Amino acid sequence: MKTKKAKNGIQTSWQRKAFMACNLIFLSLISLICILPLVHILALSFSSSFAASSGKVGIWPVDATLESYKYVLQNAAFWHAFVVTLKRLALAVPLTLFIVFITAYPMAKSSQKFKGREFYTYFMLIPMLFGGGLIPEYMTFMKYGLVNNLWVLVLPGLVPIFSVILLMNFIRDLPAEMEEAASIDGAGPLTSLFRVVLPLATPAIATIALFCIVGHWNSWFDGILYMNHPKNYPLQSFLQKAITAYDAKTITSKDLMTMRLISDQTTRAAQIFVATLPVLMVYPFLQKHFTKGLVMGSVKG
Amino acid sequence: MLPACVFLILFSYVPMFGIIMAFQDFTPTDGIFGSSFVGFDNFVRLFTLDNIQQVMFNTLYISIMKIILGLLVPILFALLLNEVRNRLFVRSVQTIVYLPYFLSWVILAGVFIEILSPSNGLVNHALKIFGIDPIFFLGDKSWFPNVIIITDTWKSFGFGTIVYLAALTSIDPSLYEAAKVDGANYYQQMRHITLPGITNIVVLMTVLSIGSILDAGFDQIYNLYNPVVYETGDILDTFVYRLGIKDMLFSISTAVSLIKSIVSFVLIVISYRLAYRLTEYKIF
């Protein structure tokens, strides 16, 4: 890649220009490869079933129609799964953030100030590296009565150690004088925690919140594993069944009527797109914060 | 602090006791306390299973190829992108290549099943133009692992690019000016400033990825594979899942989890030590 460089000490400008042109074209091509599959699916979802099955659809819809979307949006199971996911997010995100925050704060203190920090460090590291495995976890959660319960999607992931580490590093880099000043002004530990540290840590917390939202939005395996009945599936588990484990036997006669207008190809495309839309919508915020948050958490020094 | 400890005990530490199952002839009706101990029998049975060697090979092959490509592609891409001076272009490229990272494998499996389809997928249509016969990428034993490796790189290289680009932009620009004054050409600048400037982060990323060498990507493979490609596509995680859930061989499946945990644990401890020694980077 890097061969188009001048060989002598002075870079000749035309070689540089040729390199830059190739570079720009190459980078654009790669970006296209990243986005084209998604554009193709979008085009499929708006195309008629005939155009889709005859393979005429490229990156632009053929015989544009909204039938697939009508079908998906009228599908009660789809909406049900959507609501399960929303409930899951509403429970998990605030709780996770609260726990990560109150855990990362003391962990950010030095060992002199917080006796036993060493112990808690190992206490938290071990679960990150070592787990019981699929079956023991399933058995334990079944004993807790969590199988088929919405909470099973929320509770096991409430302490994301990676996020704790990220926030801990962030709080540690805050100037210690801020807290000292607050305590001189008469602020108790709780006041200084929520009135001083919390506002300062907002960028890191926003990053973690977005991690958490995307994580819960995208997770599908726990739904399939712990929910015995498809009506309790969150959206991604529902899609997993609908997209990759599609079974022709489940088609009803009413479906056959609509089949002439749509096909499972276009329906799947529409479902994929509806489920991706929320990510596409939060993505601009995501990108800004993730870049900052990750760089600050991982590329230190 | 306290709630976190309670949750960790309930949801991480308690299940660890289930590992006892690996040393028992476990039957759900008798439970952990009622089942009889069989020592290392499960491990012996595991290593005499017909396809275990193939599964190990698949896991390592897919995982190592992913690690290699997952390092080279983002570094190259970041280096090339770093040459571009147009901020708008850089930002748009970054945004686009980063996007697939946020989509779940369920969604992307749907996308790839569609575009790799032998009858009317986009890729095979393109191949037809060049006169190449349709290839059943996801139903062909020899293609499947490569598809897994390539699609994974496709999904995740945007993330790596951002990390390396951040490292590249943090290199002091005055170093380049000094080098130019001394008459260094682009190649020399690359060798003596750019590459040493990102060595730390490259070493760190490599070392960290080695810890997860037995994770070849359950989400991805589970959503993309089918019985036809089990032979070359089955990895430890999918194998355990089928043993444990589908065939109800709880004890053997837990034995595999235990081995995996121990190997990863050892590798992670070693690689963190290495990372600390080589780059002075400390996590806690």
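To find a chain, count down the sequence lines: A is the first, B the second, and so on, and within it residues start at 1. Note that the structure is predicted; figures quoted are calculated from it, not measured.
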Identify which part of [X] has an atom lying under 4.5 Å from any heavy atom of chain A, answering side chain, backbone, both or neither.
X	value
Asp237(B)	neither
Thr95(B)	both
Ile262(B)	both
Ser257(B)	side chain
Ile268(B)	side chain

Open item on the list: With a 6.0 Å cut-off on the ring centroids, do Trp105(B) and Phe221(A) count as close?
Closed with: no
TODO: Kindly say whether the aromatic ring centers of Tyr101(B) and Phe157(B) come within a distance under 6.0 Å.
DONE: no
TODO: Check the side chains of Thr194(B) and Tyr176(B) for a donor-acceptor pair under 3.5 angstrom, ignoring hydrogens and angles.
DONE: yes
Open item on the list: If we count only N and O atoms by modelled type, under 3.5 Å, do the side chains of Thr161(B) and Gln94(B) hold a donor and an acceptor together?
Closed with: no
Most contacts with chain A, counted as non-hydrogen pairs under 4.5 angstrom, among [options]:
options	result
Asp219(B), Leu258(B), Val240(B)	Asp219(B)
Leu165(B), Ile96(B), Val123(B)	Ile96(B)
Leu103(B), Val93(B), Ile115(B)	Leu103(B)

Identify which part of [X] has an atom lying under 4.5 Å from any heavy atom of chain B, answering side chain, backbone, both or neither.
X	value
Phe101(A)	neither
Tyr122(A)	backbone
Ser31(A)	both
Leu155(A)	both
Ile33(A)	both
Phe98(A)	neither

To check you understand the geometry: which heavy-atom pair defines the closest contact between [X] and [Y], and what is its length?
X	Y	value
Gln236(A)	Ile107(B)	OE1-CG1, 3.8 Å
Leu146(A)	Val152(A)	O-CB, 3.4 Å
Leu168(B)	Ala78(B)	CD1-O, 3.5 Å
Phe102(B)	Asn218(A)	O-ND2, 2.9 Å

Task: Note, Ser45(A) side chain near Ile272(A) side chain (heavy atom, < 4.5 Å) - done: no
- [ ] Could you list the residues that satisfy side-chain contact (heavy atoms from CB on, under 4.5 Å) with Trp60(A), not counting sequence neighbours?
- [x] none
- [ ] Would you mind telling me which of Leu36(A), Leu27(A), Ile35(A) has the largest number of heavy-atom pairs within less than 4.5 Å of chain B?
- [x] Leu27(A)
